[in-house]
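Side chains are part of it too, since the values below use all heavy atoms of this structure and drop only hydrogens, waters and symmetry mates. Residue numbers start from 1 in every chain, and the chains themselves are labelled A, B, ... in the order their sequence lines are given, proteins ahead of strands.
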Amino acid sequence: MNASNRARIAAGLLVLSGVFGLVSAIRILAGGSQGLPPLPGAEEMGGPPFWAGLMFFALAVAGLFSAFGLWKGQRWGKVVAIVTCAVNAVFGAGDVLGAVAVGSVAMGVVMGLSVLVYVLIIVLVLRRDPVPTTA
Amino acid sequence: MSEAPRSEPPTDLPPRRRWDGSGLLGGGLLAVLLLGYVLLAFLGVVIVGALLTGNRQIVFNPPWWLHVIALALVTATFAPLRRWLRDAIDDLVQAQEDDAYALVGRLNAELQQMASPRAALPQVARMIATDLRLPYVHIMADEGLAVDAVPATMDFNVGQPAAGAPLSRLPIAYLDQRLGLLVVGGRAAGRPLTQRDRALLGDVARQLGIALYAARLTVDLQASREHLVAAREEERRRIRNDLHDGLAPTLSALQLQLGAIQRLMRGRPDEAERLMDGLRESLRGATAEIRRLVNDLRPPMLDAFGLLGAIRQLVPAESDIAFDLRAPEPMPALPAAVEVAAYRIAGEAIHNVIRHSGARRCLLRIALAADELGLEVSDDGRGFAADLPVGVGTSSMRERAAELGGSLMLENDLDGGARVLARLPLRLAPAGLEPPGLDPPGLEPVEHQQPNQES
């Protein structure tokens with residue numbers, strides 16, 4: 001697979017995860033300053049706060065923005081995609097941790113998959129072409 | 001390529017190379033990714049630990065052994081991951097600009113405006129180094145033949161190779177001619193150029209090849225023009241000397257003799273008659289001198305008998321060698337320069353066969369293609385000696401072919417004997433002025449072979 005195809009696959013994955021993140025962020029933001037109610041069984045942990053909604057919204061927009069740059073083969077697209085995916089992956093791992101804590105298998109699987117997708121995007125963007133044997 | 005390369009002193013890279021923020025960007029990205037990896041590794045170990053032990057509460061307060069496992073995982077994988085990330089990020093931030101072919105466009109513009117390759121190549125080398133963020137670019141280019149017919153080489157350096165970095169060499173060529181070499185140094189030790197770099201540099205080398213080829217053609221054309229002018233002036237000088245040193249004194253002597261005859265005619269008619277005999281001899285000599293001058297300008301045989309007839313006249317009537325001339329008949333009208341060259345080459349080759357070959361048979365063959373005349377003289381003699389020195393005759397044949405843009409080949413046949421093959425282009429005149437009777441361009445070469453035994 002050449003670099004152009006890798007970038008396009010990464011852009012496609014970024015669009016999917018960006019749309020998913022955007023929907024999640026809008027749900028949180030729609031809850032107003034109170035945020036979303038906590039998951040069942042995690043009442044003492046509370047739901048995601050309002051600022052988390054703002055942050056997810058910003059990350060989702062950045063992800064979609066970087067997908068455009070990646071599709072066009074622009075270097076800034078790669079840089080923004082790497083940063084966005086790294087932050088998203090860390091937050092996603094935190095969500096998996098929360099899902100494990102409250103025993104939510106569905107949320108754990110979804111967030112675990114999203115973490116894998118973000119790591120895959122980073123690998124696709126950073127992976128280099130094989131070097132010819134003769135210099 | 002190059003005798004006597006004229007190397008230019010190395011040029012420093014432009015200042016923006018050192019402070020363009022790419023180091024900061026790369027460092028920032030590396031830090032973000034490594035920090036993210038450490039966090040992910042720790043969270044992953046805690047999650048797996050919670051799932052394996054079935055104790056979900058440990059995610060709030062992980063036990064010490066999970067910390068140890070996470071630390072061990074990070075310690076074991078940190079260095080190789082850091083190395084991979086650093087190389088990948090370096091490629092990302094130090095590679096050429098997003099629009100890689102902007103470089104080719106700018107290069108093209110630079111080459112189109114160049115007064116000469118010597119003036120443009122330093123700028124081109126700097127452009128490549130800057131746009132591709134390469135620490136070292138070296139262009140060696142053949143400048144074509146200088147006036148003294150010695151190939152000159154241009155040699156430009158930009159920057160210095162990074163310590164331990166591999167050098168990549170890309171030939172600069174056009175058609176089948178190698179015109180130079182583009183040498184670029186990798187960005188860091190042990191890191192050759194990426195495939196993208198190489199593809200772009202390949203395009204750059206091709207552009208350079210076209211430009212250098214055009215420049216070389218210009219130099220060659222100029223040299224050729226100078227050669228033509230020099231040859232014309234040399235010919236004029238020779239004719240002038242011949243007229244001045246040969247014919248002019250003869251005519252002056254004739255004038256004096258006529259004056260003497262006039263004075264002696266009445267008083268001493270016998271003496272006048274004796275002088276008139278001398279005058280007749282002098283006139284005969286002057287006539288011969290004029291004929292020699294005219295023959296030197298163009299062999300009269302060509303006008304009298306045409307090319308084939310003139311070549312037949314070259315063959316001695318009495319000879320132990322059986323000559324066989326095969327050629328298209330009637331021979332179409334040929335450019336005068338081609339006729340003269342073919343006639344002179346045939347004459348020299350026949351002379352060599354008679355004097356040196358020891359042959360019993362000699363075949364002269366003339367073939368006409370759409371755009372060239374082929375002349376072949378082959379014999380069944382002893383062939384060329386391996387250590388045959390280049391004689392005046394051989395040089396003369398080569399020069400006559402080369403003057404018209406043709407070629408001459410001397411070789412030994414596998415069956416024994418020698419072969420001289422000359423190829424002379426027919427399209428010497430500008431378009432629209434081709435001599436009549438030639439095959440139109442695009443036709444396959446046609447070799448008319450009508451046996452025409454000559455002895």
Report task. For chain B, find its close neighbours in residues 111-119 of chain A: heavy-atom separation under 4.5 Å, sorted by number, or none. Result ->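 Within residues 111-119 of chain A, near chain B: Val115(A), Val119(A).
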Query raised in the report: Which one of Leu126(A), Val83(A), Val90(A) has the most heavy-atom pairs closer than 4.5 Å to chain B?
Result: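 Counting heavy-atom pairs under 4.5 Å, the top option is Leu126(A).
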Query raised in the report: Heavy-atom count around Trp65(B) CH2 within 6.0 Å, excluding the residue itself: above 12?
Result: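 Count over threshold, so yes.
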Query raised in the report: Minimum heavy-atom separation for Ala89(A) to Leu40(B), with atom names?
Result: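 Of all heavy-atom pairs spanning Ala89(A) and Leu40(B), the closest is O-CD2, 3.4 Å.
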Query - Most chain A-contacting option - heavy-atom pairs closer than 4.5 Å, from Leu39(B), Leu51(B), Leu170(B), Asp87(B) - result: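 Heavy-atom pairs under 4.5 Å are most numerous for Asp87(B).
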Requested in this report: To the nearest 0.5 angstrom, please state how far the CD1 atom of Ile47(B) sits from the CG atom of Leu97(A).
Outcome: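 Atom-to-atom, Ile47(B):CD1 and Leu97(A):CG are 5.0 Å apart.
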Report task. Starting at CD1 of Ile122(A), measure out to CG of Leu29(B) and round the result to the nearest 0.5 Å. Result ->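 That separation rounds to 10.0 Å.
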Query raised in the report: Quick one: what part of Asn55(B) sits under 4.5 Å from any heavy atom of chain A, side chain, backbone, both or neither?
Result: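 Asn55(B) has no heavy atom closer than 4.5 Å to chain A.
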Query raised in the report: Can you find a pair of side-chain heavy atoms, one from Val79(A) and one from Leu25(B), that are under 4.5 Å apart?
Result: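 The answer is yes, as the side chains (C-beta and beyond) meet within the 4.5 Å cut-off.
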**Report entry** Side-chain heavy-atom pair Val32(B), Ile82(A) within 4.5 angstrom cut-off
**Finding:**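 Not touching, per the 4.5 Å side-chain cut-off.
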